[in-house]
Every structure is written in C-alpha cells, then in structure tokens.
Amino acid sequence: MPAPLAPALNRSGAPHRLPLPAHSGSSLRVPRPVMQACAAMKRSDIIMHGGMRTAIRAQAAAFLALHSVAPRLGSVFGTHQRYLMSQAFLALAFRSKDRSVLMAEFLKAIRIHKLASPNTAEAFVREMLHYGFGFYGISRQDRRCRPIFLTDSVYLLIGQWLAIHLRTLDSLDGGGRLAELERRPELLALAHPFIVDAVMVSDTGSQPTGTFSLFTWLNEGGLVMDRMMATLPDFPDDAEQVPTNFTRYTDLEESLRISRTHLIRKLGMAERMGSLGWQGQRNRSTLWVSRAFIAEYDAYQAEKLAIIAHCFAAAAAA
C-alpha cells in the first residue's frame, strides 16, 4: 500500500484541517497559476451558470457509466447513509500514516457526525470486508486492535469520483482542475478528507430534504435520480413538468440492484408530493419530473461541487 500524501491523523487528537467554506463561498489566498487552473466556485455561481444543466446531465451520465463498470462496489455504498459512511472511512484512511483505519476510529467518526448507530456502522464494515473491498492487517502494538485497509479498487473508484466532479467544474469555468489532478495525483489524498469535512457540516450535503431525500434512503436511489436527470431535455424557464425518456419502471431499475417494490413505493410517494408523475397511464406513458424536484437535485449537486472546488483549490495551493 503506498504511503498517504495527506496529513496524518493523530489517533489521540484532531486532524489538521484546511479552511472550510462558509456556505461553500469563502475566498482563498491561492497562487495565481493555481488560482487560474483550480479556482473556487460559489454555490450561487454554479446554480446561476447558464451551462449548469448541461454539465449536470453529463455528470449524471458519467456516474451511471462508472456504476456499470463497478456495480458491486456501487451497491455496497448504495444509500446516502452508506455513501457518507464510506466517505468518512476513506477520509480516515487518507489521514492515516499507513492508510489503516481502526474500527474504534471509524465508530467515533460515525458518532460525531451522527451518521448511524454503532451496530449499523459495524455491519457496513463487515459487508465491505465480505465483498473484498477491505482486509484486516496485523497490529504489532496490540493484536486486539486489527487495522483495516481498503483495496486498490476503492481508491481507484474515489479517484474517478473526484475526477468526474472536477470535469464538471472545468466545463463551467474553463478551469484546469482535472489536468492538475492528472499532473499531481497526490492531490486526491490531500483534498479528499477536507471535502468530507465540509460535506459533513453541510445540511444540504449530509441531510438532504424533500423528494431528494426519499430516494437517498433507497438502495441505489441516487443512481435512479441520476438516470432521470441524465435524460432530461432542455426546457423553458416556465416549464413546471419536464418529460424524461422513461415509460416503464423497468427503464429506471435496469442494471441496478434495486427492489421493484421499494422503487414503486418511493415513486408513489414522490408522485403524491407532486414531484413526478405520468403523462398518461402509470407505467404505460412518459414519466415527468417537476421543476421543483430538478431544483432540489441541482441544489445538492451545486453544494457538493462548490465544496469540492474550494477544497481542491486549497489542496492544490498547499
């Protein structure tokens, strides 16, 4: 396992932190060449950008493509809760001197951020180990404390995750973040823990609400939303209902590890909220999504992108 390039986590104290964005909009003192390539963007800048919808569609399609090459890994982290737990685990690994994580450290992080019960968190780690995405090491200091290491496949996936977001940001402002990451791959290990720090203290990033939250508790529900949003056409500003390319439940669940029963239940709840519906007979006509639902999805993505832009710029300048 290569040595991490992020600051080490002091097992008895708090880790060093980069400056966190105030609502993802704080300014940074960044050297000019880095500023030009890796400038921070405010959430409002992203939301108001004329090319946002095109960029978000491309990003959603990229996440679906990534899932197609690593479906099992994606399913382990399939709900928003699991996604946050996996990000917390990765942040601890990047901050560790040897990229190991102790179960006690992970449970402490879960407790601090109120992500899950200890039993749920331990079950998550056991499942991750069961599917071969992590393995136990040997502690020379104390054999009762078995460090856990993540496999290369997990680091490759999180590298692609970051690259997808950087590509989206570059498409909005013409920056060179992705090229900077390719030139300096160590930026993944440096930036990622601070991205997680910021997400955990962001209500939008860690505790989404509305229709968006309905799907985040569904296994691979985030991918269902990505699938909807990736197919949306351009639409006028006054459109209240935007048609998707889907006419069947099977269109939404194709290639996903998702329960048809749970999917139909969530779609029904969203339909009663007015967030989506059918132009004709249910499951026999075009599915539409509301402008308000699209706005929720865009707000979540904009918050995440602004956090990533800020923390990546700070890491690149460090």
Side-chain angles (χ1 to χ4, degrees), residues 1-12 15 63 66-164 185 188-193 195-197 199-200 206 216-223 255-259 262:
M1 222 27 105
L5 295 156
L9 173 69
N10 183 330
R11 296 200 188 277
S12 61
F63 280 123
L66 182 59
H67 175 268
S68 69
V69 300
R72 173 59 72 180
L73 186 56
S75 67
V76 172
F77 311 132
T79 66
H80 193 63
Q81 182 187 48
R82 284 168 167 260
Y83 163 78
L84 291 175
M85 287 195 291
S86 68
Q87 294 285 20
F89 198 101
L90 273 159
L92 289 171
F94 278 130
R95 280 180 164 134
S96 169
K97 291 181 178 180
D98 59 357
R99 289 196 180 173
S100 69
V101 178
L102 300 179
M103 180 66 82
E105 291 174 336
F106 178 61
L107 293 179
K108 180 180 179 181
I110 296 302
R111 184 178 68 256
I112 289 172
H113 297 299
K114 301 179 180 178
L115 297 181
S117 69
N119 288 343
T120 298
E122 288 190 34
F124 168 78
V125 173
R126 287 196 300 270
E127 184 175 358
M128 185 175 65
L129 294 169
H130 173 75
Y131 287 114
F133 302 129
F135 58 92
Y136 282 116
I138 299 175
S139 172
R140 294 182 179 178
Q141 288 77 25
D142 186 347
R143 293 183 180 274
R144 295 171 298 176
C145 299
R146 301 177 66 189
I148 302 169
F149 295 88
L150 296 172
T151 60
D152 289 343
S153 62
V154 178
Y155 290 108
L156 287 172
L157 182 72
I158 201 62
Q160 292 171 316
W161 175 88
L162 178 58
I164 288 171
L188 168 63
L190 180 58
H192 176 271
I195 293 170
V196 174
D197 288 344
V199 167
M200 293 299 181
S206 63
T216 59
W217 285 97
L218 178 68
N219 192 39
E220 301 199 340
L223 291 169
S255 77
L256 300 181
R257 299 175 184 272
I258 190 170
S259 162
H262 290 163

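Atoms considered below: every heavy atom in the structure, side chains included; atoms not considered: hydrogens, waters and symmetry mates.
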Look at the rings of Phe149 and Phe135 and say which category their plane angle falls in: under 30° parallel, 30 to 60° tilted, over 60° perpendicular. parallel
In this structure, CG of Leu150 is separated from CG of Leu156 (nearest 0.5 Å) by 12.0 Å
Using every non-hydrogen atom in the two residues, find where Phe106 and Met85 come nearest and quote the distance to one decimal. CE1-O, 3.5 Å
Grab the two heavy atoms, one from Ala116 and one from Gln81, that are nearest each other, plus how far apart they are. CB-NE2, 3.4 Å
His113 side, atom NE2; Arg111 side, atom CZ - distance, nearest 0.5 Å: 11.0 Å
Under a 3.5 Å cutoff, is there a donor and acceptor pairing between the side chains of Ser117 and Asn119? no
Donor-acceptor contact below 3.5 Å, side chain Ser86 vs main chain Tyr83: yes
Measure the CG-OG1 distance between Leu218 and Thr79 for me, rounded to the nearest 0.5 Å. 9.5 Å
Close side-chain approach of Arg146 and Met103, heavy atoms under 4.5 Å: no
What is the distance from atom NE2 of His192 to atom CH2 of Trp161, rounded to the nearest 0.5 Å? 5.5 Å
Of all heavy-atom pairs linking Pro193 and Leu188, the shortest is CD-O, 4.5 Å
Atom pair CE/CZ of Met128 and Arg82 - distance to nearest 0.5 Å: 10.5 Å
Test side-chain contact (heavy atoms from CB on, under 4.5 Å) on Phe94 and Ile158 and set out the steps. CA-CA 11 Å; Phe94 278 130; Ile158 201 62; 4.2 Å; yes
Could you give me the CA-CA distance, side-chain angles and deciding distance for Arg95 and Glu105, then say whether salt bridge (Lys or Arg N to Asp or Glu O under 4.0 Å) is met? CA-CA 12 Å; Arg95 280 180 164 134; Glu105 291 174 336; over 6 Å; no
What is the minimum heavy-atom distance between Phe133 and Val154, and which atoms define it? O-CG2, 3.5 Å
Show your reasoning for whether side-chain contact (heavy atoms from CB on, under 4.5 Å) applies to Leu162 and Ile195. CA-CA 10 Å; Leu162 178 58; Ile195 293 170; 4.1 Å; yes
Shortest non-hydrogen contact from Phe89 toward Val125: CE1-CG2, 4.2 Å
Atom CG in Leu157, atom NE2 in His67: separation rounded to 0.5 Å? 10.5 Å
Evaluate side-chain contact (heavy atoms from CB on, under 4.5 Å) for Ile110 paired with Thr120, printing each intermediate quantity in order. CA-CA 10 Å; Ile110 296 302; Thr120 298; over 6 Å; no
Nearest non-hydrogen partners of Thr151 and Gly134, listed with the distance: CG2-N, 3.8 Å
Leu84 vs Val199 side-chain heavy atoms within contact, under 4.5 Å: yes
